[in-house]
Amino acid sequence: MIRAVIFDLDGTIVDTEPLHFSAFNEVLRADGTEIGFDDYTSRLIGLNDHDCFATVLRENRKDADEKHLADLIARKTALYQAMIAERDVLYSGAEKFVRDCANRFPLMIATGTLRVEAEAILRRAGLRDLFLDIIAAEDVERGKPEPDGFIAALGRIGYLLRQRDPVLADECLVVEDTQAGIDAAHRAGMKVLALCHMLAASDLGAADVVRPSISDLDLDDVIHALRGR
C-alpha cells in the first residue's frame, strides 16, 4: 500500500541535468579539469554538488579540501541559478502526474540540489504548493546514495501530518531517475519508480517499477505494477 510519494527533482520532474553539467564543467575548466557528459551521467548523476566536485578533483589529484570545494560550489551555484532563472524546465507530463499524485497522497521533494534552487523551480512551475516540504542538499549530512534525504523526508511527513497511524517507509513511493537515487530509497526501505530520462532502463533495473518517462505516466498503472511484485 502506498500512502505517500517522494519525488526527486532534477532529471525526474525537471530537465535540468544538462544545465547542472554545463555549470559544473564550466567551473571545473576554470580549475584546470574537464569531464565529458557521458562520464557525468554514468558516474556522477544523482550526487550532490559537494560529492561531484570532490570525486572529480580527487581523481585528478587536485585540491579537494573543504574550503576549495565550498568556493567551487558557490561559483557553480551562481552559474546554475542564472541558467534556470528564465527557463521553463518542466518535463512534458510532469505537472499532470504530480497533480494526480497530490490528489491522492501527501508529497515531498528529496533532492541533492540546494533549497533555493528547488524552491525557485517549483514556484515558477506552479507546483510548490503541492508538496508538504523540500528536503534539500543542505538539510542532510550525506547525499545520495546514502538514505539520509529520504529518511528525513519521511520524518518530515510524520511531523507535518501528525497522523495517529504514521506513514511507514515501505508505504512510500520514491520517484527517481538515477541509480544513486534508487540505492538511497531502497536503503531507506522505500519502493522506487524509476524514469528513463537520463539513463537506459537496463541501468535502472534495481527499481521496483521502471517507465520510459513521466510523460503520459499513469498512477494507477504504477500502483498496479507495484502490487504485482
Side-chain angles (χ1 to χ4, degrees), residues 7-91 94 109-125 127-128 131 133-150 152-153 176-184 195 197-199 203:
F7 282 85
D8 172 54
L9 183 63
D10 298 295
T12 298
I13 298 175
V14 291
D15 187 13
T16 48
E17 288 293 2
L19 303 181
H20 276 290
F21 168 75
S22 179
F24 180 63
N25 226 15
E26 186 169 337
V27 172
L28 280 178
R29 278 194 296 269
D31 204 57
T33 309
E34 188 170 0
I35 63 169
F37 188 65
D38 288 345
D39 190 23
Y40 175 79
T41 55
S42 66
R43 300 189 304 114
L44 301 175
I45 197 168
L47 304 184
N48 60 29
D49 286 349
H50 179 281
D51 293 345
C52 279
F53 278 119
T55 298
V56 173
L57 292 179
R58 287 168 184 154
E59 288 175 350
N60 289 274
R61 299 182 180 180
K62 298 280 189 177
D63 176 14
D65 67 41
E66 291 301 318
K67 183 177 179 181
H68 186 50
L69 287 171
D71 176 62
L72 297 181
I73 292 168
R75 287 155 55 193
K76 186 258 180 179
T77 297
L79 287 169
Y80 176 71
Q81 290 183 8
M83 290 176 180
I84 64 171
E86 300 298 330
R87 296 186 190 219
D88 179 8
V89 294
L90 204 65
Y91 277 115
I109 290 283
T111 177
T113 198
L114 297 174
R115 176 176 292 273
V116 65
E117 296 166 356
E119 290 277 4
I121 287 171
L122 291 172
R123 291 190 185 284
R124 183 173 174 78
L127 299 179
R128 176 61 183 90
F131 295 92
D133 203 353
I134 296 168
I135 301 298
E138 60 267 45
D139 297 319
V140 294
E141 183 175 348
R142 303 178 301 173
K144 301 168 188 176
E146 301 298 333
D148 302 31
F150 293 120
E176 264 285 355
D177 71 304
T178 68
Q179 184 59 57
I182 294 169
D183 290 347
L195 304 176
H197 291 156
M198 301 302 302
L199 299 172
D203 297 318

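Since the structure is predicted, the reported quantities are computational estimates derived from the model, not experimental observations. Note that the numbering runs from 1 along the sequence shown for the chain. Just so it is clear, the values below take in all heavy atoms, side chains as well, and ignore hydrogens, waters and symmetry mates.
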- Task: Please report the closest heavy-atom contact between A64 and L69, naming both atoms and the distance.
- Result: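 In terms of heavy atoms, the two residues are closest at O-CD1, 3.4 Å.
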For G143 versus D51, what's the shortest heavy-atom pair and its separation?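 Between these two residues, the closest heavy atoms are N-OD2, 4.3 Å.
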Mind checking what makes side-chain hydrogen bond (donor to acceptor under 3.5 Å, both in side chains) contact with [X], not counting sequence neighbours?
X	value
N48	none
E34	R29
D39	R43
E141	none

Exercise for the section: Please list, chain by chain and in numerical order, all residues satisfying ring-ring contact (aromatic ring centres under 6.0 Å, His included) with H197, sequence neighbours excluded. Expected result: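 Applying ring-ring contact (aromatic ring centres under 6.0 Å, His included) to H197 gives Y91.
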What residues form a side chain to side chain contact (heavy atoms under 4.5 Å, CB included) with [X], not counting sequence neighbours?
X	result
D71	R75
V89	V14, T16, L19, R87, I121
A136	T111, R115, I134, E138, D139
A120	none

Do the ring planes of F21 and Y40 sit parallel (below 30°), tilted (30 to 60°) or perpendicular (above 60°)?
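Rings of F21 and Y40: tilted, 30 to 60°.
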- Can you sort out the partners of E146 under salt bridge (charged side-chain N to carboxylate O under 4.0 Å, His left out), two or more places apart, ordered by chain and number?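 For E146 the salt bridge (charged side-chain N to carboxylate O under 4.0 Å, His left out) partners, ignoring immediate neighbours, are R142, R187.
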Taking only residues two or more places apart in sequence, or in another chain, which ones meet D49 in a salt bridge (charged side-chain N to carboxylate O under 4.0 Å, His left out)?
->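 Applying salt bridge (charged side-chain N to carboxylate O under 4.0 Å, His left out) to D49 gives K76.
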Sort and list the pairs that fulfil ring pair (Phe, Tyr, Trp, His ring centres under 6.0 Å) and have at least one residue in residues 51-80, not counting sequence neighbours.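 Only H20-Y80, F24-F53 qualify under ring pair (Phe, Tyr, Trp, His ring centres under 6.0 Å).
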task: State whether the side chain of S22 and the backbone N or O of P18 hold a donor-acceptor pair below 3.5 Å, judged by distance alone.
output: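 Pair absent, no side-chain N/O of S22 close to backbone of P18.
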